[in-house]
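Here's the structure we're looking at; comments come further down.
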2 protein chains.
Amino acid sequence: MLRNTVADKLRKEIDNLTPLEKQLSDVILQNYPVSGLGSITALAEAANVSTPTVARLVQKLGFSGFPDFQRTLREELDETISSPLTKRDKWVHNAPDEHILNSFTKAAIDNIRQFLSDVDPKEFDRACKLLSDENRRVFVVGGRITRTLADYFFLHLQVTRTNVTQIASNSSAWPHYLLEVSKGDVIVVYDVRRYENSMLRLAQMASERKAKVILFTDQWTSPIAKYASVIFRNRISVPSSWDSNITTMLITEALLAKLQEHDWKNTKKRMEDLEVMFDRTKFFRK
Amino acid sequence: MLRNTVADKLRKEIDNLTPLEKQLSDVILQNYPVSGLGSITALAEAANVSTPTVARLVQKLGFSGFPDFQRTLREELDETISSPLTKRDKWVHNAPDEHILNSFTKAAIDNIRQFLSDVDPKEFDRACKLLSDENRRVFVVGGRITRTLADYFFLHLQVTRTNVTQIASNSSAWPHYLLEVSKGDVIVVYDVRRYENSMLRLAQMASERKAKVILFTDQWTSPIAKYASVIFRNRISVPSSWDSNITTMLITEALLAKLQEHDWKNTKKRMEDLEVMFDRTKFFRK
DNA sequence: TTGTTGCTGTAAAGTATTCTTCAGAACGGT
DNA sequence: ACCGTTCTGAAGAATACTTTACAGCAACAA
C-alpha cells in the first residue's frame, strides 16, 4: 500500500506546524479530500485563515504550490475511486502484466462496467416488452461485422418466439423484407462504426412504415439513433485496431435471458419441440 | 433518492449533444468525477477538444459556467464520500440488485475472471504462432450457434492475412473443403455444448490429413479435444437456460488483437487497401 | 453546384486564482 | 520594558483559468 498520501504527510508534519497551520490541517483532514479540491481562498475561509497561510502549509509539505497539492489530491482520489476489479494485480498466471490477454481483458471489463453504468434499465425493459409481444413481427439485421451478432441474436430469439425474421445481409434484397414490415413491428438493428449508409436508409424506411427500431450501436452513436425507440450504446474500445463487441454481446445475451424467462412456459415448450426434432435428425451427440 | 447527479444529466442530455461533446462526455464519465475536477484546459486536452467545447457542454447541462459545474461535482463527491455506505458498487442506476442486467453481468465477469485464471498463455501464444504463419492455410468452422463466432473470427482474420477459408455451415459441403486441407494447415473449430457429431468427424478427418486443430470449447470440453493442438476451454454458465459466449468472444478478440499486431505492417497495408475499396464502393458513411 | 445551418477551434478579452512582499502583531526571553 | 524571533494577513503583482466573439469548415438540402 502506498503510505504516502497527503493525509499521511499532514499527520507526519503536524509537529512542525504553526498554530494556524494546525487549525488548517484539521479542516483539511475533516472532510478529506474534498475540502482541498476547491480554491485556495475557499479553503482559507473554511479554516478561518488567510490564503498565504494555506500557501505556506502546502509548501511546507513539499508541494511546489497549491495547484501541485491539488493535483496530488485528485490523483489519490482517482486511485481510491477506481474499481477494485480493474485493479486486480494479475489475472493470468505466469504471464507478464503486459501480455495481451491481461491488457485486453482489463479493457473489456472496463468497457462492461462503464457500459453498465450508462445503460438505462428502463430502456432495457422497454426493449424486452417490445420483443416479447408476439403481435409484433421482429426483424433482425446487422452490418458487415455486426451481422454475426445479429445472427446470434436471431438464432436464440427464434427459439423463444414466433414471427422472427432474419434480414439477409445482402442489402439489395432489403426492399422485399420491408414490404413485410407493418405498423408496430420491431426491427432490431446492429450498427457500430463504421456506420453503413444502406443500414441508415433501411432504418429510415422501416421507421416510416411505423415500425419500432431497437438499435445496438457504440458510444459514438449511429445516425440511426434518430429513428430508434430503444438505443443501446456499447463501449467498444480495446487495445487493438479493431473494436470489441463484447459489451454488445453481453447486452444481447442479457436481453435473451430476460426474454426466455418472460414467457417461460412457452419457451420451454418450444425448446422441447426443438430437442425432439434435433433427436430425430440425429444431428447432435450426447 | 435524488438521482440528479451531473452524470445523470449527462446521460439524459446525450441525444442533444454534438459529436465532440459526446466524446467529451465520455471522458468525463470514464473516470467520473475526478476528470472534471481539474482545470477546464486539462479536461479539454484529455478529451481532445477545445476549451470552448467544454464550456459549451457545461452550459448546455444548465450550469452557469465551468466553476459552477465543478462546484457541483465537488458537492456530489462530498455526499458520496461522507455517506457511510457507498453505493458505488451498484452498477446499474435505478435498478434493483436482482435486475437481470446486474445478475447477468456479475456472472459474465465471474466467467471472464475464472476463464482467465484457467487459460495458459503459452497455449495462447501457440495459437498465435500457428495462425500467423502464412504458409499454413486456415479454415474456420463453427456449430449451429457458434457459427456466428466463427464468422466473426473469419471476418477479422481475413483482414490480417491471406489464405483464410470459411467452411460453410452446411455439413454436406464439408468434404469439398477437406479436399483442400493438407499437412500443416490449421483448422479452427468452435464447438460448445451441444457438441455436434458432424463437427467431430470433420475434426477427425482434418487431423488425419495432418492439419493442426485449434479448438474453442466450453469447460466440459468437446470430444474434439483429442484431435486438437490448442484448446481453449471457456466458461459459459450464466443465469439463463442458454450458455454465454462472452468468454469465447473475449479470447477470439484477444487472439485477433495479437495477430493484427504480429505483422502490423502487413495488416496495415491490407486494412488500407480495404479502406480504399470501401471508399470506392461508397459503402460506408463517415 | 450553391446557400444554409450547425459544429468547432483560434485568439483575445475578461475574470479568478495563486503567489510574493512586506508590515504589523504576538510571544518569549532578558 | 525592551528586543528578537516567529507568525500572520493585506495588498498587489503575476499567473492561470474561463469565457466570448468570430471565422473556418463540413455536412446537408435545394
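Residue numbers start from 1 in every chain, and the chains themselves are labelled A, B, ... in the order their sequence lines are given, proteins ahead of strands.
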Side-chain donor-acceptor pair under 3.5 Å between [X] and [Y], yes or no?
| X | Y | value |
| --- | --- | --- |
| Tyr177(A) | Gln166(A) | no |
| Asp26(B) | Gln23(B) | no |
| Ser244(A) | Glu253(B) | yes |

Just the rounded figure in Å: distance from [atom2] of [N] to [atom1] of [X].
| X | N | atom1 | atom2 | answer |
| --- | --- | --- | --- | --- |
| Glu45(B) | dT8(C) | CD | C1' | 17 Å |
| Ile40(B) | dT8(C) | CD1 | P | 15 Å |
| Leu17(B) | dG6(C) | CG | P | 16 Å |
| Leu43(B) | dT19(D) | CG | C1' | 15 Å |
| Leu20(B) | dT10(C) | CG | C1' | 15 Å |

Query raised in the report: Any donor and acceptor pair, going by atom type alone, linking the side chain of Asp218(A) with main-chain N or O of Thr221(A) inside 3.5 Å?
Result: yes
Between the protein and nucleotides 11-16 of chain D, list the N/O to N/O atom pairs that are separated by less than 3.5 angstrom.
none

Query raised in the report: What do the steps show when you test Asp191(A) against Arg144(A) for salt bridge (Lys or Arg N to Asp or Glu O under 4.0 Å), and what is the final call?
Result: CA-CA 9 Å; Asp191(A) 191 33; Arg144(A) 185 174 68 95; over 6 Å; no
Report summary line: Within residues 53-72 of chain A, those residues having any heavy atom closer than 4.0 Å to DNA chain D are Thr53(A), Arg56(A)
Query raised in the report: Using the benzene-type ring in the case of Trp, are the ring centres of Phe124(A) and His99(B) under 6.0 Å apart?
Result: yes
Give every donor-acceptor pair under 3.5 Å between a side-chain atom in residues 37-51 of chain A and any protein atom, sequence neighbours left out.
| unit_1 | atom_1 | unit_2 | atom_2 | d |
| --- | --- | --- | --- | --- |
| Ser39(A) | OG | Thr41(A) | N | 3.4 |
| Ser39(A) | OG | Ala42(A) | N | 3.0 |
| Ser50(A) | OG | Thr53(A) | OG1 | 3.2 |

Report task. If the plane angle is over 60° it's perpendicular, under 30° parallel, otherwise tilted; pick one for Phe69(A) and Phe63(A). Result -> perpendicular
Query raised in the report: Would you say Ser50(A) reaches dG9(D)'s phosphate, i.e. side-chain N/O to OP1/OP2 under 4.0 Å?
Result: yes
